[in-house]
Structure formats: structure tokens, C-alpha cells
Protein chains: 2
Amino acid sequence: MNEHVHDTADLTKNQTLVMGALTRSKGPLSAYTILDQLRDNGFRAPLQVYRALDKLVEFGLVHRLESLNAFVACRHPGCDGDDTIAFMICERCGQVNEITDTALAARLKQLAGEASFALKKTTIELRGLCRTCQAA
Amino acid sequence: MNEHVHDTADLTKNQTLVMGALTRSKGPLSAYTILDQLRDNGFRAPLQVYRALDKLVEFGLVHRLESLNAFVACRHPGCDGDDTIAFMICERCGQVNEITDTALAARLKQLAGEASFALKKTTIELRGLCRTCQAA
DNA sequence: GCAATCTTGTAATGAGATAACGTCACACAC
DNA sequence: GTGTGTGACGTTATCTCATTACAAGATTGC
């Protein structure tokens with residue numbers, strides 16, 4: 001199986017529907033919000049959404065935001081398999097900005113190394129106000 | 001009200017009980033686990049725990065781990081009000097290591113600044129295996 | 001005393017996630 | 001083409017996490 005699929009061609013029907021909902025959305029969506037949006041497409045139970053989300057996250061097409069219990073479509077321009085992604089989440093408009101930074105990733109890796117910690121997954125989520133929302 | 005209380009003297013009864021449960025624990029606890037542990041002390045409803053936790057987090061005595069939906073007592077040696085804390089969470093034994101690093105905090109602050117993002121709260125959680133658990 | 005405020009207790013409910021079951025469709029060996 | 005394995009799908013029930021809403025005490029200041 002491909003390590004980092006960015007091709008929506010080989011997605012299943014449910015995965016395509018969930019991916020579509022996330023892509024259409026301007027911000028992150030909860031699994032239950034997705035479920036509601038897809039009721040007309042035959043979705044009836046949370047598990048249908050969660051199963052699709054699991055796969056999409058595995059493919060790297062979708063990210064999970066731990067601090068929101070929600071999911072976003074990957075908008076990272078050159079999503080080159082980097083798994084150290086920082087998210088800037090605006091608490092007012094809900095927009096999410098995806099950032100990768102080599103210095104940041106390197107420092108985290110070094111800190112883990114110093115503690116002899118075998119790093120598997122990194123979660124970095126910044127909460128605050130985006131540029132446009134600070135005016136209001 | 002004090003910005004960063006590290007004195008358990010002025011806690012209410014419920015806050016003291018919840019703090020005690022977290023301090024006794026080797027790892028993070030969920031709100032409902034705390035509830036179960038405090039049933040003998042008169043706790044009957046989740047809200048009693050959540051209210052205490054809210055305050056303890058506000059005081060800086062307790063941290064919330066977003067990726068676990070759980071809480072840990074602050075073990076940071078010189079907890080000097082730094083709000084950029086990274087957690088290393090062992091997925092095997094559940095132990096949590098608290099880390100502050102000025103380089104890391106500075107880089108995040110800079111990234112936020114470059115995006116004109118008004119940073120309010122930072123969540124950094126590293127999942128993996130601690131030194132001792134890698135042997136097994 | 002008495003009002004203002006904070007903490008508490010309780011019940012009910014909302015929101016997020018998974019377990020356990022069975023079915024279906026497809027690929028591939030034989 | 002029959003059998004078998006595998007992966008996706010559907011449904012129900014259940015579990016965990018968190019909050020809303022309302023009432024009752026407790027504490028402080030005047």
C-alpha cells in the first residue's frame with residue numbers, strides 16, 4: 001500500500017464522500033458534522049464516517065486536530081511525507097493553517113533523542129487569532 | 001487572583017481531592033477515572049471533577065493532554081509560568097514527561113509572528129516509547 | 001441582616017468514539 | 001467455477017468524555 005497517497009482516484013465511495021465534505025469545508029469538521037452532511041448520501045451511523053476518516057488519515061489526506069476533536073483536509077502545498085506539522089487554529093473564524101518547519105522538527109527530534117524517547121507521532125497545535133480576526 | 005499558583009493551601013475541598021488523586025497517580029488520569037477514585041470522598045457526578053479540573057488547569061497546577069483527553073499534575077521543576085510545554089507521552093507505560101525548551105518556544109513564537117497569528121495557547125504532545133519501554 | 005459572589009450538588013443530556021455482529025463484493029488460487 | 005481470503009460496508013448497541021440547566025449552601029463585604 002502506498003505510504004503517502006495524494007491521489008483521490010483509488011478511494012472508496014465512502015472515503016470519497018468524506019473527503020469531499022472536508023475539502024468543501026473552510027475549516028475543520030467533527031465526525032458527527034460530517035455524518036449530518038452526508039445523510040442524504042446514505043450515511044446513517046458514526047462508524048461509517050470514522051472508518052473513512054481512519055483511512056484518509058492513514059493516507060495523509062486528512063489530519064486530525066486533537067485539541068478540537070475534529071478533522072481537516074490536508075492543505076499542505078508540498079506534503080512530502082513530513083509528519084511534523086504544526087497547526088495554527090483561529091479560535092474566532094475556525095480557519096486552520098498548516099505549517100512545516102525544519103528547525104522546529106529538528107529541535108523536537110533532538111529533544112526526544114536527548115531523552116532517549118522513540119518518537120512516533122507529533123502533535124503541535126497553536127490556538128489564537130488569525131491576522132484578519134485580530135482586527136475585530 | 002494569583003496568575004500562577006503553586007501553593008495548594010488555598011484550594012477548595014474538591015480541588016484538593018482532585019489534585020491529590022492526580023499527584024498520587026504515576027500517569028495521566030481521565031476525569032471519569034478521578035471520579036471513580038473519589039466516590040468514597042463523596043464525589044457523585046462528573047461535573048464535580050470537571051469544575052475542580054478547570055480551576056486547577058487555570059492555576060497551572062494541572063495540564064490537560066489533548067491527545068489523551070486526560071489530565072496530569074504539573075511536575076515541571078521550575079514551573080515559571082512558561083506556557084509552552086511539550087509532553088512526551090509513552091504509549092506503553094503511560095508515563096508523561098514534561099519539557100520546556102526556550103529554542104522550541106522561540107521558534108514557535110517566531111512562526112506565529114511571521115503569520116501575524118496572535119498566539120494564545122500552545123499544545124505540543126509527542127507520542128512514542130520511553131527509554132525503559134523500548135527494551136521490551 | 002442582606003445582597004453579591006463563589007462553590008457545590010444533582011439530574012439530564014449532548015458529543016465523540018468504538019465493539020460486536022453480520023453481509024457483500026472482489027481477487028486469486030486451485 | 002468453486003472455494004477462500006480479504007477488505008469495505010451496514011446496523012445496533014454501548015462506551016467514554018464533557019456540558020447545560022437548575023437549585024442549594026457558603027463566604028465576604030457593607
Side-chain angles (χ1 to χ4, degrees), chain A residues 1-2 5 8-22 25 27-59 61-72 89 91 94 123 125 127, chain B residues 1-2 5 8-22 25 27-59 61-72 89 91 94 123 125 127:
Chain A
M1 185 172 293
N2 199 324
V5 185
T8 57
D10 48 356
L11 295 179
T12 68
K13 184 187 158 214
N14 283 4
Q15 288 163 15
T16 305
L17 287 167
V18 169
M19 192 67 207
L22 284 171
S25 168
L29 297 177
S30 77
Y32 278 69
T33 303
I34 295 172
L35 174 59
D36 285 339
Q37 290 189 10
L38 295 181
R39 294 224 181 253
D40 294 341
N41 297 95
F43 274 59
R44 320 216 68 198
L47 202 48
Q48 295 175 287
V49 180
Y50 281 110
R51 282 203 272 236
L53 284 172
D54 281 349
K55 285 296 177 187
L56 292 171
V57 168
E58 185 184 323
F59 297 156
L61 288 168
V62 167
H63 301 296
R64 179 193 172 100
L65 299 175
E66 302 285 354
S67 65
L68 294 178
N69 292 327
F71 301 83
V72 281
I89 305 167
E91 293 184 329
T123 301
E125 299 181 13
R127 309 286 291 265
Chain B
M1 187 172 293
N2 198 323
V5 186
T8 57
D10 47 356
L11 296 179
T12 68
K13 183 188 158 211
N14 283 4
Q15 287 162 14
T16 304
L17 286 167
V18 170
M19 191 66 206
L22 284 171
S25 169
L29 296 178
S30 78
Y32 278 70
T33 303
I34 295 172
L35 174 60
D36 285 338
Q37 291 189 9
L38 295 181
R39 294 228 182 251
D40 295 341
N41 297 95
F43 274 59
R44 322 216 70 200
L47 198 49
Q48 295 174 287
V49 180
Y50 280 110
R51 283 204 272 236
L53 284 171
D54 281 349
K55 286 294 178 187
L56 292 171
V57 168
E58 183 185 324
F59 297 157
L61 288 168
V62 166
H63 302 296
R64 179 192 171 99
L65 299 175
E66 303 285 354
S67 66
L68 293 179
N69 292 328
F71 302 83
V72 282
I89 305 167
E91 293 183 330
T123 300
E125 298 181 12
R127 308 286 291 265

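Sequence lines set the chain letters: A, B, ... in the order given, protein chains first and strands last, and positions in each chain run from 1.
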R64(A) meets the side chain to side chain contact (heavy atoms under 4.5 Å, CB included) criterion, sequence neighbours left out, with E66(A), N69(A), F71(A)

Could you check whether any side-chain heavy atom of V57(A) comes within less than 4.5 Å of a side-chain heavy atom of H63(A), counting everything from C-beta outward? no

Roughly, in whole Å, what's the span from CG in D54(A) to P in dC9(D)? 12 Å

List in chain and number order the residues that pass side-chain hydrogen bond (donor to acceptor under 3.5 Å, both in side chains) with S25(B), two or more places apart in sequence or in another chain; answer none if no residue qualifies. none

Please name all residues satisfying salt bridge (charged side-chain N to carboxylate O under 4.0 Å, His left out) with R127(B), sequence neighbours left out, ordered by chain then number. E91(B)

Using side chain to side chain contact (heavy atoms under 4.5 Å, CB included), reason through F43(A) and V18(A) one step at a time and then give a plain yes or no. CA-CA 10 Å; F43(A) 274 59; V18(A) 169; 4.0 Å; yes

According to salt bridge (Lys or Arg N to Asp or Glu O under 4.0 Å), does anything in residues 28-43 of chain A pair up with another residue at least two apart or in another chain? List the pairs. D36(A)-R39(A)

For Q37(A), all residues meeting side chain to side chain contact (heavy atoms under 4.5 Å, CB included), sequence neighbours excluded: A21(A), L29(A), T33(A)

Using the side chain to side chain contact (heavy atoms under 4.5 Å, CB included) criterion, which residues pair with D54(B)? Sequence neighbours excluded. none

Protein-nucleotides 8-11 of chain C N/O pairs under 3.5 Å:
| residue | atom | partner | partner atom | Å |
| --- | --- | --- | --- | --- |
| dT8(C) | OP1 | T12(B) | OG1 | 2.9 |
| dG9(C) | OP2 | N14(B) | ND2 | 2.9 |
| dG9(C) | OP2 | Q48(B) | NE2 | 2.5 |
| dG9(C) | O5' | Q48(B) | NE2 | 3.4 |
| dG9(C) | N7 | R51(B) | NH2 | 2.4 |
| dG9(C) | O6 | R51(B) | NH1 | 3.3 |
| dG9(C) | O6 | R51(B) | NH2 | 3.3 |

Just jot down the side-chain hydrogen bond (donor to acceptor under 3.5 Å, both in side chains) partners of Q48(A), sequence neighbours excluded, or say none. none

Using atom CG of L11(B) as one end and atom P of dT27(D) as the other, report the distance to the nearest whole Å. 16 Å

Donor-acceptor pair, distance only, cut-off 3.5 Å: does the side chain of Q15(A) make one with the backbone of A52(A)? no

Find the distance K55(A):NZ to dG7(D):C1' and express it as a whole number of Å. 8 Å

Check the distance between dC17(D)'s P and E66(B)'s CD and give it to me in whole angstrom. 14 Å

Axis bend over the full length of the helix from dG1(C)-dC30(D) to dC30(C)-dG1(D), computed from five pairs that close each end, to 10 degrees: 20°

Determine, step by step, whether N14(A) and R51(A) satisfy the side chain to side chain contact (heavy atoms under 4.5 Å, CB included) criterion, reporting the C-alpha distance in whole Å, the side-chain angles of both residues, the deciding distance to 0.1 Å, and the verdict. CA-CA 9 Å; N14(A) 283 4; R51(A) 282 203 272 236; over 6 Å; no

Taken to the nearest whole Å, CD/E58(B) to P/dT7(C) is 9 Å

Atom pairs, protein N/O to nucleotides 12-16 of chain C N/O, distance under 3.5 Å:
| residue | atom | partner | partner atom | Å |
| --- | --- | --- | --- | --- |
| dG16(C) | N7 | Y32(A) | OH | 3.2 |

